[in-house]
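So the structure is just underneath, and the comments pick up after that.
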Amino acid sequence: MKRRLGPLQLRQNLILIAAIAFVYCVLGILGLKLAVLPGGVTAVWIPAGVGLGAVLVWGNRIWPSITLGSFGISVLVDPSPVSLAIAGVTAVGNTLTPLWGGALIRRLTHTRYPFHRANEVFIFVGCGAIAAQIISATVGILALCVAQWVEWSNFAQAWVTWWVSNVAGVLIFTPVLLTWHHFLSQTCPQNNGTRIFSHLGKIVGQELQSLRLESLTWFLLFDGVVSLAFWYGYPVEYLMIPLLGWAAFRFSERWTTLAIALTGLMAIAGTILNRSSFVRDNLNASLLFLESFIGVISVTTLVLIAVLQERRHALEGLQQAKAELEYRVIQRTQQLSQANEQLTRQEVHLKEKAESLATALRQVQQTQGQLIHNEKMISLGQLVAGIAHEINNPVSFIYSNLSPATDYFRDILDLLSLYQEKHPEPDPEIVEMEAQIDLPFVKKDLFKLLNSMKSGADRIQRIVMSLRNFSRLDEAQLKAVDIHEGLESTLLILQHRIQGSESLPPHIEVIKDYSKLPPVECLAGELNQVFMNLLSNAIDAIEANTPDNLGRIHIQTRELEGEQIQITITDNGGGIPPAVQSKIFDPFFTTKPVGHGTGLGLYISYEMIVQKHHGTLSCRSEPGVSTTFEITLPLRHTSDPT
């Protein structure tokens with residue numbers, strides 16, 4: 001039996017419905033100012049995002065607000081009988097659209113907040129933003145065509161514009177509404193409005209205080225890119241992708257979605273005023289091109305937010321598992337202590353039991369350390385691979401368009417030269433314009449500029465390829481690989497430490513003495529972890545023991561007899577004392593300060609080389625001078641160690 005609402009709840013529902021209807025109506029009237037086709041078909045429809053967000057937040061009970069808001073737009077704008085009839089039909093379509101989209105999202109994701117996982121984001125985009133908006137577009141355009149406000153010959157163009165405008169409204173504004181409501185429902189107390197805004201202001205102030213310099217830097221860069229792309233027409237709009245990626249990594253999801261919305265609003269405003277880089281021959285084409293850009297940055301950023309959420313949940317689960325494991329170890333230790341008190345008279349048995357328990361405890365600690373270290377390296381590989389994948393698409397787009405752009409400019413300059421040849425005495429105004437823009441310099445410098453851009457794109461592509469080679473997420477099994485690619489990828493990851501900064505030595509010289517090596521059958525990802533551990537330790541030793549800033553790392557590879565290869569890594573970081581050399585491969589042994597090392601890097605590297613690859617890992621050191629790590633690997637993996 002359905003529960004009846006009390007007077008207070010009924011009043012709250014009525015207030016909520018009225019408020020949403022008012023907001024929907026106001027935003028709809030503003031959207032009609034952007035109408036580019038007959039019949040008031042606009043290229044940007046913000047109420048679509050508000051309607052879907054409201055349904056996901058408050059459920060299907062708010063459907064009257066969408067109907068009233070949609071119908072109220074025509075009542076306020078054009079209360080003629082024909083307009084009101086069309087408004088009634090479109091109000092039905094505008095109401096069914098978010099109800100169906102919200103139902104699909106809730107059914108497929110089992111949540112009202114579809115931004116915790118990447119697959120939820122794709123369901124939100126596919127169902128709520130793409131599929132559901134077909135209803136509104138179809139019903140609305142049919143009504144306009146029947147009323148002869150739109151010609152049937154323009155049905156397809158008007159339908160696409162209506163549908164794309166709804167999709168853009170959902171991608172821009174629904175995430176903002178959901179993320180901020182999710183934040184308020186979790187953090188703000190259920191009190192009056194003054195208490196809620198006070199609590200919200202305190203939280204926002206604390207966040208801005210903790211990231212004050214970074215927030216200011218991000219905002220200045222955001223303002224610069226927005227101004228150049230959307231107010232001065234420079235083609236730098238895709239620089240918003242790394243800025244939004246930065247926001248997703250460093251700021252909360254609600255600020256990131258707000259940044260997406262601000263980007264979309266600024267881009268729309270600049271395009272309407274014919275000042276952005278999306279301006280085309282007509283406003284409709286400009287806005288459609290703009291909305292494709294909005295879709296790209298919105299979906300990309302939402303997916304990145306979801307991936308980071310999944311990673312954060314995975315780390316929390318790992319920490320919880322670690323805490324449970326530690327708790328179990330503590331419980332087990334307490335039980336052993338009680339058993340030891342009861343068995344004090346049985347010395348022989350007590351010693352054997354203590355040795356057995358100590359061995360088991362060491363194995364637990366080693367296993368725990370290996371799990372933590374492996375999880376960190378896996379997360380690093382996934383993060384590197386994800387960044388490389390996200391960067392690759394826009395760079396490929398830029399790179400593929402540089403060559404045709406060069407050809408176009410060359411054709412234009414050839415045509416200009418032909419004009420100058422055929423008309424040697426141009427109009428004085430043309431001569432003045434030629435002198436003003438310094439045409440000879442432009443001809444000379446233009447292709448240098450394009451070549452410089454192509455060189456930069458080549459460099460980024462090489463960096464992306466190195467990042468993918470380092471992660472090797474698709475090579476979890478044995479595979480013949482080029483050892484030099486793994487070394488180069490690892491050096492690229494550590495480039496910031498090798499080149500130095502204000503707080504680190506200015507430079508570490510890396511000497512590469514590579515021989516021609518055949519492919520080596522190995523676990524490429526784990527072998528890259530070994531290179532990372534050895535090179536990181538070498539850099540740490542140089543930074544700690546080379547005050548004159550003359551650091552040097554020598555990497556040598558060569559092929560040995562018996563189908564083996566050898567890799568040596570030598571640094572001038574001061575060497576290792578003899579008393580320490582015998583312990584460097586022991587688990588949990590480290591000479592670094594607390595919090596700067598776990599003592600697992602060399603131990604796990606030794607296990608990977610010896611146990612998994614049936615090779616050798618040894619260390620030679622001259623105290624006060626240098627340290628050399630030598631790796632020997634077979635070319636082909638064998639079932640048993642030799």
Side-chain angles (χ1 to χ4, degrees), residues 24-25 27-56 63 65-74 77-78 82-105 123-174 264 268 282-296 298-299:
Y24 192 101
C25 183
L27 294 176
I29 294 174
L30 292 177
L32 290 178
K33 301 297 182 181
L34 306 177
V36 294
L37 292 176
V41 179
T42 177
V44 180
W45 190 246
I46 301 175
V50 175
L52 180 59
V55 170
L56 289 175
W63 70 265
S65 62
I66 302 175
T67 304
L68 293 175
S70 178
F71 186 79
I73 296 172
S74 294
V77 174
D78 183 12
V82 176
S83 176
L84 294 179
I86 295 175
V89 176
T90 56
V92 174
N94 290 337
T95 304
L96 293 177
T97 295
L99 293 178
W100 188 55
L104 286 177
I105 293 173
I123 292 173
F124 165 77
V125 174
C127 296
I130 296 178
Q133 305 308 318
I134 295 175
I135 298 176
S136 176
T138 303
V139 173
I141 297 301
L142 283 175
L144 292 175
C145 289
V146 171
Q148 296 183 353
W149 282 22
V150 173
E151 297 293 336
W152 287 100
S153 59
N154 293 330
F155 180 90
Q157 180 184 6
W159 186 94
V160 171
T161 302
W162 188 306
W163 177 73
V164 171
S165 68
N166 284 15
V167 172
V170 170
L171 292 179
I172 293 176
F173 293 96
T174 302
I268 292 169
N282 59 77
L283 181 59
N284 185 37
S286 301
L287 292 176
L288 291 177
F289 184 67
L290 162 67
E291 286 162 355
S292 66
F293 165 77
I294 293 174
V296 170
S298 178
V299 174

Derivation and outcome, side chain to side chain contact (heavy atoms under 4.5 Å, CB included), residues L171 and V125: CA-CA 7 Å; L171 292 179; V125 174; 4.0 Å; yes
Could you tell me if the side chain of W63 sits less than 4.5 Å from the side chain of L96, heavy atoms only? no
Heavy atoms of A132 and G101 approach each other most closely as CB-CA, 3.6 Å
Restricting to non-hydrogen atoms, name the atom on T97 and the atom on S136 that form the minimum distance, rounded to 0.1 Å. OG1-N, 3.0 Å
Answer yes or no: is there a donor N or O on one side and an acceptor on the other, between the side chain of Q133 and the main chain of G128, under 3.5 Å? yes
Hey, what do you get for CG (L99) to CG (L104), rounding to the nearest 0.5 Å? 11.0 Å
So I66 and P98, do their side chains get closer than 4.5 Å, heavy atoms only? yes
When you measure from the side chain of W163 to the backbone N and O of I130, does any donor-acceptor pair fall under 3.5 Å? yes
Nearest 0.5 angstrom please: I123 CD1 to I105 CD1, how far? 9.0 Å
With a 4.5 Å heavy-atom cut-off, do V82 and W149 have their side chains touching? yes
Any side-chain to backbone donor/acceptor pair from T90 onto I86? Under 3.5 Å, distance only. yes
W45 side chain reached by V50 side chain, heavy atoms, under 4.5 Å: no
Check: C145 and I141 side chains under 4.5 Å, non-hydrogen atoms: yes
Evaluate the side-chain proximity of I46 to Y24: yes if any heavy-atom separation is below 4.5 Å, no if none is. no
What distance separates N94 CG from N166 CG, expressed to the nearest 0.5 Å? 7.0 Å
So which atom in I172 and which in G264 form the shortest heavy-atom distance, rounded to 0.1 Å? CD1-CA, 4.2 Å
So which atom in V89 and which in A143 form the shortest heavy-atom distance, rounded to 0.1 Å? CG1-CB, 3.9 Å
Across all chains, not counting sequence neighbours, the ring-ring contact (aromatic ring centres under 6.0 Å, His included) partners of F71 are none
In Å and rounded to the nearest 0.5 Å, what is the CG to CH2 distance from L52 to W100? 12.0 Å
Does some side-chain heavy atom of L142 sit less than 4.5 Å from a side-chain heavy atom of W159? no
